[in-house]
Number of protein chains: 2
Amino acid sequence: MKEWLPAIHAHKKNFTLRKGDTIFREGDPVNGIFFLYSGKVKVHKHWADGKELIVRFAREGDIVGHRGIGTELVYPVTATALEPAAVCFFEIDFFNASLKVNHDLLYELMQFYAKELMESEKSMRNLAHMSVKGRLANALLVLKSKFGLDEEGFIAFPLSKQDMSSYIGATYETTFRMMNELINEHIISVSAKYITILQEEKLRQLIRED
Amino acid sequence: MKEWLPAIHAHKKNFTLRKGDTIFREGDPVNGIFFLYSGKVKVHKHWADGKELIVRFAREGDIVGHRGIGTELVYPVTATALEPAAVCFFEIDFFNASLKVNHDLLYELMQFYAKELMESEKSMRNLAHMSVKGRLANALLVLKSKFGLDEEGFIAFPLSKQDMSSYIGATYETTFRMMNELINEHIISVSAKYITILQEEKLRQLIRED
DNA sequence: CGGTGTATTGAACAATTTCAAGGAAAGTGG
DNA sequence: CCACTTTCCTTGAAATTGTTCAATACACCG
């Protein structure tokens with residue numbers, strides 16, 4: 001999704017965001033699409049009592065707000081900065097016009113959607129059939145493979161337990177307890193928001209499907 | 001997704017399916033894409049002990065197997081006929097070539113994916129935050145709005161309780177019990193696979209989000 | 001008519017959420 | 001920089017929801 005980004009570079013409008021800032025909110029009219037230059041963003045859906053489910057994380061180079069493309073009039077999700085971030089914004093009309101003209105862009109976007117759909121349906125199955133501990137194990141592996149490790153061996157996407165619980169679709173308390181189990185079993189170690197995977201194989205065992 | 005179907009009509013290969021036949025299986029190498037001429041199909045993901053989650057239903061005019069498009073080498077889902085069906089098959093190479101050439105087709109496919117993704121993420125949130133009863137209520141409303149009612153006022157997509165439970169992501173027994181509650185509360189009435197919604201408003205109350 | 005699959009129900013069990021309550025950390029405004 | 005507010009963290013116990021197991025009934029099919 002990064003190759004053609006420079007091609008439409010000239011039409012960008014830049015914004016900077018502070019931690020906790022909202023890029024767009026579920027239900028807002030769709031007015032454009034965003035690219036992340038720097039920072040980390042969560043994309044989430046809301047539910048009663050401030051409950052939420054994080055459906056995706058984005059970092060530099062990623063696209064946000066694409067769920068508004070097509071026939072949708074309002075964003076079906078909210079996007080919130082997890083740390084200071086810089087985004088560039090494209091008017092929806094401009095972006096749609098680009099899609100009409102730029103076949104490669106459209107093809108990439110289609111493939112991107114296809115991949116997101118697969119991930120999403122996998123997550124659906126996980127939510128339906130996996131225990132919280134299994135979903136946590138899976139989330140850790142996904143975060144590692146998607147964002148890698150930093151210099152110190154931590155998963156390079158630090159998350160509050162709050163956000164972790166929203167990501168795996170469980171309550172804060174349950175997530176906390178399951179995390180403790182993993183720590184006591186020496187499968188992971190945790191220092192504030194920073195997580196180290198000690199025994200990847202044991203995590204994999206927790207998500208065996210059959 | 002139906003408008004451009006005739007355009008590539010000449011390249012089709014037809015197949016007929018009996019109830020229970022599998023069109024393709026999760027893990028099979030992707031060899032093509034299917035269009036449903038008639039019949040109903042479920043698209044599902046498997047899990048241990050023969051558990052499954054139905055991620056989508058398709059009927060005549062719908063596309064099946066599109067999840068294999070792009071970089072994927074194997075289907076991430078299984079497609080099974082719920083009743084006798086007729087499909088037409090397109091080689092993946094031919095379909096990909098069409099996408100490269102036919103901009104409108106590609107655009108429609110992209111929009112289709114975008115819509116599917118939104119639905120999928122909505123389902124994710126429902127699985128994470130709604131009770132089984134709420135998910136059942138939601139499923140009934142979705143099935144009604146998607147497939148309509150037949151002449152007798154039944155939801156025009158008869159489902160075994162087995163499939164219903166796989167669709168809402170709960171066990172057979174729980175689904176059964178929740179269905180009984182809805183019946184006892186005179187919200188729905190059921191005759192074998194055929195369901196009538198008696199009080200749509202009460203179903204909506206069960207899925208209030210906030 | 002027996003068999004296979006679906007329907008039905010109860011009871012025990014397990015997983016997860018909810019509630020409650022205290023402590024730590026972190027950001028905010030004076 | 002400090003007091004204050006808020007948010008996040010931590011833990012236990014109780015309540016709830018949903019699953020699993022088990023056993024029986026029913027229905028259709030060859």
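Residue numbers begin at 1 in each chain, while the letters A, B, ... track the order of the sequences. Keep in mind the model is a prediction, meaning the values are calculated, not measured.
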- Message: Measure CD1/A/Ile183 against P/D/dC9 and give the value in whole Å, please.
- Response: 12 Å
- Is B/Asn180 near enough to C/dT9 that one of its side-chain N or O atoms lies under 4.0 angstrom from OP1 or OP2? yes
- Among the nucleotides D/dT11, D/dT10, D/dT19, which one has an atom lying closest to any side-chain atom of A/Arg177? D/dT11
- Message: The side chain of B/Ala170 is closest to which nucleotide in this list: D/dT19, C/dT17, C/dT6?
- Response: D/dT19
- Query: Under 30°, 30 to 60°, or over 60°: which ring-plane class applies to A/Phe57 and A/Phe157, parallel, tilted or perpendicular?
  - Reply: tilted
- Whole angstrom value for the distance that separates P of D/dG18 from CE of B/Met179: 16 Å
- Nearest listed nucleotide, side chain of A/Lys161, among C/dA7, D/dT10, D/dT19: D/dT10
- Task: For the pair B/His44 and B/His46, name the ring-plane relationship: parallel under 30°, tilted 30 to 60°, perpendicular over 60°.
- Result: perpendicular
- Note on the structure: By nearest-nucleotide position on DNA chain D, the 5'-leaning member of B/Arg135 and B/Glu173 is B/Arg135
- Message: Could you check whether A/Phe15 and A/Phe34 have their ring centres less than 6.0 Å apart?
- Response: no
- Whole-Å distance between C/dG10 C1' and B/Phe176 CZ? 12 Å
- Query: What is the distance, rounded to the nearest whole Å, between atom CG of A/Leu82 and atom C1' of D/dC8?
  - Reply: 15 Å
- How long is the gap from CD1 on B/Ile188 to CD1 on B/Ile183, to the nearest 0.5 Å? 5.0 Å
- Which part of the nucleic acid, if any, lies within contact of B/Lys51, taking any heavy atom under 4.0 Å across all strands shown: a base, the sugar-phosphate backbone alone, or nothing? sugar-phosphate
- Note on the structure: Per atom distances to the A/Gln162 side chain, the nearest of D/dT19, D/dC9, C/dT18 is D/dC9
- Give a yes/no answer on whether the side chain of B/Thr174 brings an N or O atom under 4.0 Å of OP1 or OP2 in D/dT19. yes
- Query: Quick one: B/Met178 CE to D/dT16 P, roughly how many Å, whole number?
  - Reply: 14 Å
- Message: Check for me whether the distance between the ring centres of B/Tyr194 and B/Phe154 falls short of 6.0 Å.
- Response: yes
- D/dG18 P sits how many Å from B/Tyr172 OH, rounded? 18 Å
- Query: Once you round it to whole Å, what is the distance between P of C/dA25 and NZ of A/Lys193?
  - Reply: 15 Å
- Item | Atom-pair distance (NE2 on B/His129; P on D/dT17), nearest Å | 17 Å
- Query: Between A/Ser131 and A/Lys19, which has a closest nucleotide on DNA chain C that is more 5'?
  - Reply: A/Ser131
